[in-house]
Trainee: 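Pasting in a structure now, in C-alpha cells, and then I'll have a few things to ask.
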Amino acid sequence: MEADTMNAPNAPIPTALDLPISGMTCASCVARVERALGAVPGVQSVAVNLATERAHVTGAGVLDTGALRDAVQKTGFDVPLAEIDLGIHGMTCASCVARVEKGLKRVPGVLEAAVNLATESARVRTLPGVGVDEVAAAVAAAGFEPVLPQSDPAQAAAEPVAAIDRDGMRVALAAVLSLPLVVPMVGELFGRHWMLPGWLQLLLAAPVQFWLGARFYRAGWHALRAGAGNMDLLVALGTSAAFGLSVWQWLAGGMHLYFEASAVVITLVLLGKWLEGRAKRQTAAAIRALQALRPDTARVVRGGAELTLPLAQLRLGDKVVVLPGERVAVDGEILEGLSQFDESLLTGESLPVPRGPGEPVIGGAINGEGRVVVRTTALGAESTLARIIRLVESAQAAKAPIQRQVDKVSAVFVPVVLVIALLTFAGWWFASGDFSTAVINAVAVLVIACPCALGLATPAAIMAGTGVAAKHGILIKDAEALEIAHSVGVVAFDKTGTLTEGRPTLTDIAAIGDEAQLLAEAAALQAGSTHPLAHAVLDAAKARGIAVPAASQLRALPGRGVAGEMDRGTLYLGNTRLRDELGLDAGALAARAEALAAAGRSVSWLMLSPGGGTPVLQGLLAFGDRIKPQALVAVRELRALGVKSVMITGDNPGAAQNAAQALGIDEVLANVLPGDKAARVAALKSGGVRVAMVGDGINDAPALAAADVGIAMATGTEVAMHAAGITLMRGDPALIADALDISRRTWRKIRQNLFWAFIYNIVGIPLAAAGLLSPVIAGAAMAFSSVSVISNALLLTRWRPAPRAAVEIKS
C-alpha cells in the first residue's frame with residue numbers, strides 16, 4: 001500500500017459516520033478518543049461507546065476519514081480496516097490507473113486504493129461496512145470493467161489465457177486486412193505501382209478502424225466522460241484523423257490517401273497489447289506455480305478406512321495418508337513413516353529433506369520415497385502454502401514508492417501530448433499551407449506518445465523480481481521492502497536462531513555443592529518453557545536420569561531469566577545482569593565464568609533466596625550454540641556487496657565476540673535487552689545509512705519493524721514474520737545476500753524501464769512533430785515500447801542464487 005495515502009484527503013462522505021475502534025478497555029480510553037476526534041476540523045460531536053467499540057461522529061460538512069483515523073491512532077488505538085481485492089479490465093496506461101484510483105478514493109469509507117496496471121487489479125482498504133459492490137461501481141463509473149475475485153483458481157487462471165487468445169485472433173484479422181494496404185507502399189520503393197482503388201482501401205480499412213479498433217473509441221469515450229485522457233484516446237484521435245483525412249481526399253478526387261496509416265497503426269497497437277498480455281502473464285508465473293502445488297483431494301483415514309475427500313472437507317486433526325510421489329495436501333506432523341520431501345518450490349531448498357515421526361511437513365511438498373501418515377495441523381488460508389501465495393500476491397499488487405512519482409507525471413501526460421499535437425498541426429499548416437501534412441504529423445505525435453510503458457515499467461519489474469525471489473525461498477511482503485533493500489548499507493543480526501542453530505546444549509556445570517541438585521532445580525524452573533536454553537537444561541537432566549521436582553509461581557524476568565518457588569525458598573536462574581541485581585558476585589566461580597564466556601559460552605547463574613532472605617549463589621550452567629555454516633557465507637557475501645554487518649544480541653560480550661570473530665562480523669552490540677534492540681537499530685539508522693534487521697524471535701519484532709527493511713526467518717516465530725518486510729523460507733542466512741542482490745537487480749530493471757519509457761517519448765515526440773516520423777513508424781515504436789519494457793523485466797526471471805561451496809566454522 002502507498003505510504004502517503006493514509007494522510008491524503010478523502011472524498012466527501014455523509015456528515016454522520018460510525019467509526020469502529022479497537023483496543024479501548026476503560027472509560028478513560030473513551031474520553032481520550034472523544035477528545036482526539038473532537039479536535040479534528042469539521043467535527044461537531046462525538047459519542048464513543050465502549051461496549052460496541054464504535055464512535056458516532058457528526059460534522060458540519062464533509063468528514064475526512066483519513067484525519068479521523070489518524071486522530072484515533074495518535075491516542076494509541078486503531079480503526080480496523082477491511083481489504084478488498086478486485087480485478088479491473090480495460091486499463092491500458094498509467095493515466096487509466098490514476099483515474100481508477102481517483103474514483104475509488106471518492107467512495108465513502110475508502111481510505112487507501114492502490115491500482116496495479118501489470119496485474120490489472122486494485123487493492124482497496126476501507127472502513128468496515130463498505131461492500132465490494134460499492135467499490136466495483138466506482139470502477140465501472142471510471143469507465144472500466146470490475147472483475148470480482150474468482151472462487152475457482154483454475155477458472156481464474158484460464159480466463160486471461162482465453163482473453164489473450166481472442167486478442168491474438170483480432171491481431172491476425174487486422175493484419176490480413178491491413179497487409180493489402182501496406183504492400184503497394186513497399187512496391188513504390190521498387191518502382192511498382194500496385195496502389196489499390198480508393199473505394200477498396202476504404203473497404204479494407206473501415207473494419208479495422210471501427211470494428212477491431214472499437215475498443216479504443218469505447219475506452220477513449222469513457223476517459224473523456226471522466227474528464228481525463230489515456231492511450232486509447234490518443235490512438236482513437238490519431239487514427240480517426242488519418243482515416244477522416246483519407247475519406248475527404250478520396251471524395252475530393254485527391255491521390256494521397258492515408259488509409260494504410262490508420263489501419264496499420266491500429267494493427268500494431270493491437271499486436272503490442274497482445275504481446276504485452278502474453279509477457280504480463282509470464283511475470284505472474286510464480287503465482288500460478290504456487291497455486292498448482294495445491295492438490296484437489298487428500299487420502300484421509302476415518303473409521304479405520306481410507307477415504308479420498310476434497311480438501312474442503314478435511315478437518316484439523318485428520319490423519320492424511322501420503323504415498324510416494326504424491327504432494328502433501330495439508331500442513332501437518334508425521335505420525336508414521338519415514339521419507340524424503342522435495343520442498344524446493346516452497347523453500348528454495350534444492351535437496352530433498354528427510355522427515356520422520358514428530359517432524360513437520362508442508363502442504364505442497366512432494367513425498368519422495370515412503371508412505372507416511374500426517375496429522376493435519378493447518379488447513380486452507382492458514383496453511384503455509386496459502387500464506388506464501390498471499391505474501392507474493394500482496395507484493396505484486398502493491399506499489400513501489402517510485403511509482404508514485406511516475407503517477408504524477410502520467411496524470412498530466414495526455415493533456416500535454418494533446419497540446420503538442422495541436423501545436424504541431426497549427427505550426428505545419430501555417431508554415432506549409434498543406435492541410436494533409438499538418439494532420440499526418442499531428443497524428444504521428446498522438447500515436448507515438450503512449451503512456452503504457454510508463455505504467456508498466458515499475459510493476460512489471462516488481463512482479464518478476466518478487467516471483468523469482470519466491471521461487472528461491474525469499475518471500476518479499478511488499479514492493480516498498482523490495483525497493484528499499486537495494487540501498488541497504490548495514491545488516492544487523494540477532495544471534496540466537498539467526499546466526500546460530502538456535503538449539504544450544506548444556507556444555508558445563510559448576511556447582512557450589514551437589515551438581516545433580518543444581519541441575520534438577522534449574523530444570524524445575526525451566527519446566528514448560530519454550531526457550532532454547534530451557535530445552536537444553538531439560539534435555540541434560542533427562543539424559544542424566546535426574547528426576548525434576550515441581551516448582552510453583554514460575555515467572556519470567558524479561559531480559560534476565562526466570563524465578564520460581566521451591567521447598568528451599570525462592571530460586572532464580574538467569575544471566576549476569578540478574579545476578580548483579582540480586583547483589584551477588586561470582587566468588588570462587590569468577591575465573592571459571594570468565595573462561596567460559598571467553599570461549600563463547602552463555603553463562604546462567606542459579607541463586608537461592610531461602611525463606612525470602614539474602615540470596616545465595618548455587619552455581620552456574622554454561623551453554624553453547626553451534627554457529628550456522630551458512631552464516632559465514634552470509635557475512636562474506638554481504639562484505640562483497642559493500643554491506644557492513646552488525647550483531648545485536650542479549651548475550652554476554654564474550655559469547656558475542658567469540659561468534660563475531662568466527663564469522664568476521666564488523667561490529668558487536670552485546671548485553672542488549674529485547675526492548676532496547678529497536679533503539680540500537682534506530683541509532684544505526686541515524687548515521688544516514690539504510691539498515692536491515694535480521695531476526696527470528698518475538699523479542700526481535702520491534703527491531704524488525706524499526707529497521708528500514710526487516711528480514712525474518714520462517715523457522716522463527718509468526719510475530720517476527722508479521723513485523724518483517726522479507727521472510728526467508730529456510731533458516732539460511734546466506735539468503736540475505738540473495739535478497740539484497742535480487743532487490744538491486746530489480747531496482748536496476750525499474751530504472752532501465754523508466755529510462756526507456758521516457759526516452760521513447762522524449763525522442764519520439766519531437767521527431768514526430770518535426771515531420772520525421774510517419775504514423776506507421778510511430779505506431780510501431782509505441783507498440784514496441786510496452787513490449788520492450790516487459791521483456792526487459794522478464795530477464796529477472798533468469799536470476800539464480802550464486803553457487804556456494806561448503807564452509808567450515810573455526811571455533
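Only heavy atoms go into these numbers, but all of them, side chains included; no hydrogens, no water, no symmetry mates.
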Trainee: Show me the pairs that pass ring pair (Phe, Tyr, Trp, His ring centres under 6.0 Å) and involve residues 576-628, at least two apart or across chains.
Mentor: none
Trainee: Measuring only between side-chain heavy atoms, which start at C-beta, is I512 closer than 4.5 Å to L617?
Mentor: yes
Trainee: Would a distance-only check, ignoring hydrogens and angles, find a side-chain to backbone donor-acceptor pair under 3.5 Å from D676 to A679?
Mentor: no
Trainee: Under the side-chain contact (heavy atoms from CB on, under 4.5 Å) criterion, do L632 and V635 qualify, and how do the steps go?
Mentor: CA-CA 5 Å; L632 181 59; V635 174; 5.5 Å; no
Trainee: With a 4.5 Å cut-off on side-chain heavy atoms, are V33 and F77 touching?
Mentor: yes
Trainee: Using every non-hydrogen atom in the two residues, find where T746 and G465 come nearest and quote the distance to one decimal.
Mentor: OG1-CA, 3.7 Å
Trainee: Under 3.5 Å, is there a donor-acceptor pair between the side chain of Q526 and the main chain of L533?
Mentor: no
Trainee: Passes side-chain contact (heavy atoms from CB on, under 4.5 Å), L519 versus V537? Steps please.
Mentor: CA-CA 7 Å; L519 183 56; V537 172; 4.1 Å; yes
Trainee: Do R579 and D585 sit within salt-bridge range, that is, some charged N less than 4.0 Å from a carboxylate O?
Mentor: no
Trainee: Side-chain contact test, heavy atoms from C-beta onward, threshold under 4.5 Å: evaluate it for L669 versus M647 and give yes or no.
Mentor: no
Trainee: Does some side-chain heavy atom of V616 sit less than 4.5 Å from a side-chain heavy atom of Q618?
Mentor: yes
Trainee: Which atom pair, heavy atoms only, marks the closest approach of T75 to R32?
Mentor: O-NH2, 3.1 Å
Trainee: Checking salt bridge (Lys or Arg N to Asp or Glu O under 4.0 Å) for the pair K628/D732: CA distance, chi angles, key distance, verdict?
Mentor: CA-CA 8 Å; K628 294 178 181 178; D732 183 354; over 6 Å; no
Trainee: Under 6.0 Å from the NZ atom of K685, do we count more than 12 heavy atoms belonging to anything else shown?
Mentor: yes
Trainee: Can you check whether L573 reaches L621 side chain to side chain, under 4.5 Å on heavy atoms?
Mentor: yes
Trainee: Is there a side-chain contact between T498 and M713 in this structure, where contact means two heavy atoms from C-beta onward sitting under 4.5 Å apart?
Mentor: yes
Trainee: Is a side-chain N or O of N575 found less than 3.5 angstrom from the main chain of L578, in a donor-acceptor match?
Mentor: yes
Trainee: Looking only at atom types and distance, does a side-chain atom of T500 sit under 3.5 Å from a main-chain N or O of I627, one as donor and one as acceptor?
Mentor: no
Trainee: Go through it in stages, so that I can follow the logic: the residues are V72 and D70, the test is side-chain contact (heavy atoms from CB on, under 4.5 Å), and I'd like the CA-CA distance, side-chain angles, deciding distance and then a yes or no.
Mentor: CA-CA 5 Å; V72 172; D70 286 346; over 6 Å; no
Trainee: Under the 3.5 angstrom rule, does the side chain of Q517 hit a backbone N or O of D514 as a donor-acceptor pair?
Mentor: no
Trainee: Measure from the side-chain N and O atoms of S743 to the backbone N and O of L482, and report whether any donor-acceptor pair falls under 3.5 Å.
Mentor: yes
Trainee: Work out which heavy atom in A492 is nearest to a heavy atom in I648; give both atom names and the distance.
Mentor: CB-CD1, 3.8 Å
Trainee: How far apart are the closest heavy atoms of A739 and I474, and which atoms are they?
Mentor: N-CD1, 3.8 Å
Trainee: Between the side chain of T377 and the main-chain N/O of D331, is any donor-acceptor distance below 3.5 Å?
Mentor: yes
Trainee: Taking salt bridge (Lys or Arg N to Asp or Glu O under 4.0 Å) as the cut-off, I'd like each qualifying pair that reaches into residues 558-578, sequence neighbours left out, listed once.
Mentor: E521-R568, R555-E565, R560-E581
Trainee: For a side-chain contact (heavy atoms from CB on, under 4.5 Å) with Y572, tell me which candidate from L606, V562, L557 qualifies.
Mentor: L557
Trainee: So do the side chains of R69 and D78 get within less than 4.5 Å of each other, counting heavy atoms only?
Mentor: yes
Trainee: How about I665 and V646: do any of their side-chain heavy atoms sit closer than 4.5 Å?
Mentor: no
Trainee: Any salt bridge linking R544 with E515? Criterion: basic side-chain nitrogen under 4.0 Å from a carboxylate oxygen.
Mentor: yes
Trainee: Which pair of non-hydrogen atoms, one from A707 and one from V691, has the smallest distance, and what is that distance?
Mentor: CB-O, 3.6 Å
Trainee: Is it true that a side-chain atom of D666 and a backbone atom of S645 form a donor plus acceptor pair closer than 3.5 Å?
Mentor: yes
Trainee: May I ask you to decide whether D318 forms a salt bridge with R375, counting only side-chain N to carboxylate O separations under 4.0 Å?
Mentor: no
Trainee: Only counting residues at least two apart or in another chain, list the ones meeting ring-ring contact (aromatic ring centres under 6.0 Å, His included) with H535.
Mentor: none
Trainee: Run the numbers on D508 and R592 for side-chain contact (heavy atoms from CB on, under 4.5 Å), then give the verdict.
Mentor: CA-CA 10 Å; D508 297 89; R592 181 76 180 275; 3.5 Å; yes
